[in-house]
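Here the structure is laid out as structure tokens; the discussion comes afterwards.
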Amino acid sequence: MGEDPARARQDSHGRKRGPAGADRCPDRRAAEGGSRRGTGRQEMKRRLRAAIAAALQSESDLTEADLAPIGIEVPARPEHGDFAINAAMVLARKLRRSPREIAQGLAPALEELPEVERVTVAGPGFINVSIRPSAWRSVLIQILEQGEDFGRSQREQPREVMVEFVSANPTGPLHFGHGRGAVVGDVLARLLDFSGHRVQREFYVNDAGRQVRNLALSIDCWRRRHAGEEAALPEDGYHGAYVEELAQEMPPDASLEAIEEAAVEAMLEGIRRDLSDFGIHMDRFASERALVSAGRIQQAIGALQERGVLEEREGASWFRSDRFGDEKARVLIKQDGSNTYFATDIAYHMDKLQRGFDMLINVWGADHHGYVPRMKAALQALGQAPDALDVVLVQMVSLVRDGAPVLMSKRAGEITTLRQVFEEVGRDAARFFFLVRGPDSQMEFDLELAKRRSLDNPVFYVQYGHARLCSLLVRAAERGVQVPALDSASSVDLDRLVLPEEMRIVKRMSELPEVVRRAADSRAPHQLVYYLQELVGSFHSYYTAYGKVDPILVGEEGKVAARLVLVLALRQVLRNALDLLGVSAPERMDSLETE
RNA sequence: GCGCGAUUAGCUCAGUUGGAUAGAGCGUUGGCCUCCGGAGCCAAAGGCCGCAGGUUCGAAUCCUGCAUCGCGCGCCA
């Protein structure tokens, strides 16, 4: 505890962040001057916004705040161009002029930009801007140059983010239901990192409470039975076969405390292995017991005491969380002098703050949503802004096989483990499945569906797209077609890419940085999944449409070279996006043929 | 009873933070293999965005009420 989160930083992929990544500053790139090279979508938007701002401010005294609500978006319809700007509508009231009039006035300023091809005013006052194809094509070079860093962005104000997730009781293996929170937390962490924050992932281990004591008692019970004694399992004891197995490993003279410790250690080891095999790496396992023995609970209670938000009543100590938006006050110290769970939770969150994190994200099961207000209240009482803590609630997942519910009885120890699920359907499919819905929508996980090779299970569709691209490159090599290398790609004449389908793919690819950012900011990993499906779809469509008439690898040399640059760039984008999801990007799909 | 979440095509769900004529997959119907992998593609049909008000240039999106479903409301962990 107490280490500086800024130290020993690694990105989500376990790579040390090298100077190459740090060097990539979009602003500096832009500052290099009028070069078309490296103008990505974000840079285009920045320039459009700047042009609008300059034009407006030259003729009226508008403030930054007036300009803030101006949005630059992708129009729903392609005939509306590449960007739609709502500035005229937003400012109509303020300027006391009609939107269309304002829009007409702004158009010339935008037309002056070299990358702008056409500006039209349409509808209620939208300014529609089309960008020259050559500017779009240069995105391809940018993608190849940035490689695995394409899509990464910098933040003006990066934050020290702690993503706490899974945090399952160390009293048994991970249940399949933990899988959703695990993957959502993991991908969220990757997205936050990739979009410019500094991120640590943590698993909070409840190793001090009654649950682990119960586990120890259950083990003790089995130990006695093995020794021939009559012994009854505790009321709410643990039933799984692993309990009996653990009992056999315990030395006969082990104390209850020793059993507890050994059991927790064994359980955690299993959990670590499950997570690791599911592609999830934690930076730290935070022990509740360590917090307790370090006196952190008292410290937290003391801190609240100092702030005057505690109250003694009925022999207990209450935190007046109701003063900070919670429904009612909550007990921290019970009549019998012991702490409630809430007290240790406060201590843990305070510890996170003390370690320098300024953005706390917790991924919780939706059944814990009732705890959100009190936890936020505690942080506010400690002087934090209300949004210092963000709880992402993941809804329940029900396990289904061919549409029929898979029955489980926790009592009888019949739980389906996370491991069973990902071993049956595969890690890629399991992860993708958990990610394909928004966290707050309930979902069914159909085991048969997840294994099926159909579009119900879009991971295959996406991976196939990647494999297809790889296959194209292999085919090109076989035919002796020159595949452009990184340094020669910039000398390829990209103006040979003229098909609308090609431009569509290029524009989609350019969106990755924004998609990543938005998915991170709105805590919605599924947005990246949808993006991927659309991007891959646009490629499959292109591939099929021209496969007969004008195949990618066939034809005049310059055209083929330009298309291969497109192929290389798309492969890179797919890889980066899949990597963010923790899903593999296979070069061939032959595993399916062996089934 | 109170709180949180949900309600969008037959089904499962998106909807770029308030934008233009509402989107995808599955399913249904009808097409496309002389082709770099058809594990693919194209097209059609399918909508009172739960209901009723309100806010404004503009609402599936924001506010209020109602309905239905799910989940929470212990000095449990």
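Labels below follow one simple rule: chain letters A, B, ... track the order of the sequence lines, proteins then strands, and each chain is numbered from 1.
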Q. B/rG15 phosphate, OP1 or OP2: any side-chain N/O from A/Q527 under 4.0 angstrom?
A. yes
Q. Between A/Y461 and B/rC41, is there a side-chain N or O to OP1/OP2 distance below 4.0 Å?
A. yes
(Q) Within the 4.0 Å heavy-atom criterion, would you say A/S441 contacts the bases, only the backbone, or no part of the nucleic acid? (A) sugar-phosphate
Q.
By the 4.0 Å heavy-atom rule, please label A/A122 as base, sugar-phosphate, or nothing.
A. base
(Q) Using a 4.0 Å heavy-atom cut-off, does A/H540 contact any base of the nucleic acid, only the sugar-phosphate backbone, or nothing at all? (A) sugar-phosphate
Q: Determine the contact category for A/G438: base if any of its heavy atoms lies under 4.0 Å from a base atom, sugar-phosphate if only primed atoms, P, OP1 or OP2 are that close, otherwise nothing.
A: sugar-phosphate
(Q) OP1 or OP2 of B/rG37 versus the side-chain N and O atoms of A/R475: is any pair under 4.0 Å? (A) yes
Q) Looking at RNA chain B, which of residues 334-347 of chain A put a heavy atom within less than 4.0 Å of it? A) A/K334, A/Q335, A/Y341
Q: Using a 4.0 Å heavy-atom cut-off across all strands, classify A/A92 as base, sugar-phosphate, or nothing.
A: nothing
Q. Is A/H80 stacked on the base of B/rA20, meaning ring centres closer than 5.5 Å and planes within 30 degrees of each other?
A. yes
Q. Which part of the nucleic acid does A/S471 contact within heavy-atom distance under 4.0 Å: base, sugar-phosphate only, or nothing?
A. base
Q) Taking atom CD of A/Q482 as the centre, does the number of heavy atoms from other residues, nucleotides or ligands within less than 6.0 Å exceed 12? A) no
Q: Round to a whole Å and report the spacing from CD1 of A/I85 to P of B/rG58.
A: 22 Å
Q: Check whether the side chain of A/H368 and the base of B/rG72 form a donor-acceptor pair under 3.5 Å.
A: no
**Q.** Audit row: A/F434, A/F445, ring pair (Phe, Tyr, Trp, His ring centres under 6.0 Å) steps and yes/no
**A.** CA-CA 8 Å; A/F434 280 126; A/F445 192 119; 5.1 Å; yes
Q | Shortest side-chain distance from A/R210, nucleotide among B/rC57, B/rA6, B/rC76 | A | B/rC76
Q. Within less than 4.0 Å of OP1 or OP2 of B/rC75, is there a side-chain N or O belonging to A/R330?
A. no
**Q.** Whole-Å distance separating the CD1 atom of A/I70 from the P atom of B/rU17
**A.** 14 Å
**Q.** Nearest-Å distance for atom pair CZ/C1', residues A/R374 and B/rC73
**A.** 9 Å
Q.
Heavy atoms only, 4.0 Å cut-off, all strands: where does A/D440 land among base, sugar-phosphate and nothing?
A. sugar-phosphate
(Q) Below the 4.0 Å mark, does B/rA77 have OP1 or OP2 next to a side-chain nitrogen or oxygen of A/R213? (A) no
Q: Could you tell me which non-hydrogen atom of A/L580 sits nearest to which non-hydrogen atom of A/V187, and how far apart they are?
A: O-CG1, 3.5 Å
Q. Can you find a side chain N or O atom of A/T544 that sits less than 4.0 Å from OP1 or OP2 on B/rC42?
A. no
Q) Which heavy-atom pair separates A/V483 from A/L568 by the least distance, and what is that distance? A) CG1-CD1, 4.0 Å
Q. Hey, does the side chain of A/Y371 come within less than 4.0 Å of B/rA77's phosphate (OP1/OP2), counting only N and O?
A. no
Q: Pick base, sugar-phosphate or nothing for A/P551, based on heavy-atom distances below 4.0 Å to the nucleic acid.
A: base
Q. Do we count A/Y464 as stacking onto B/rG37 if the rule is ring centres under 5.5 Å and planes under 30°?
A. no
Q.
So if I take every side-chain heavy atom of A/E73 and compare against B/rG19, B/rG3, B/rG74, which nucleotide ends up nearest?
A. B/rG19
Q: Classify the angle between the aromatic ring planes of A/Y371 and A/H368 as parallel (below 30°), tilted (30 to 60°) or perpendicular (above 60°).
A: tilted
Q: Report which part of the nucleic acid A/A467 touches: base, sugar-phosphate, or nothing (heavy-atom distance under 4.0 Å, all strands).
A: nothing
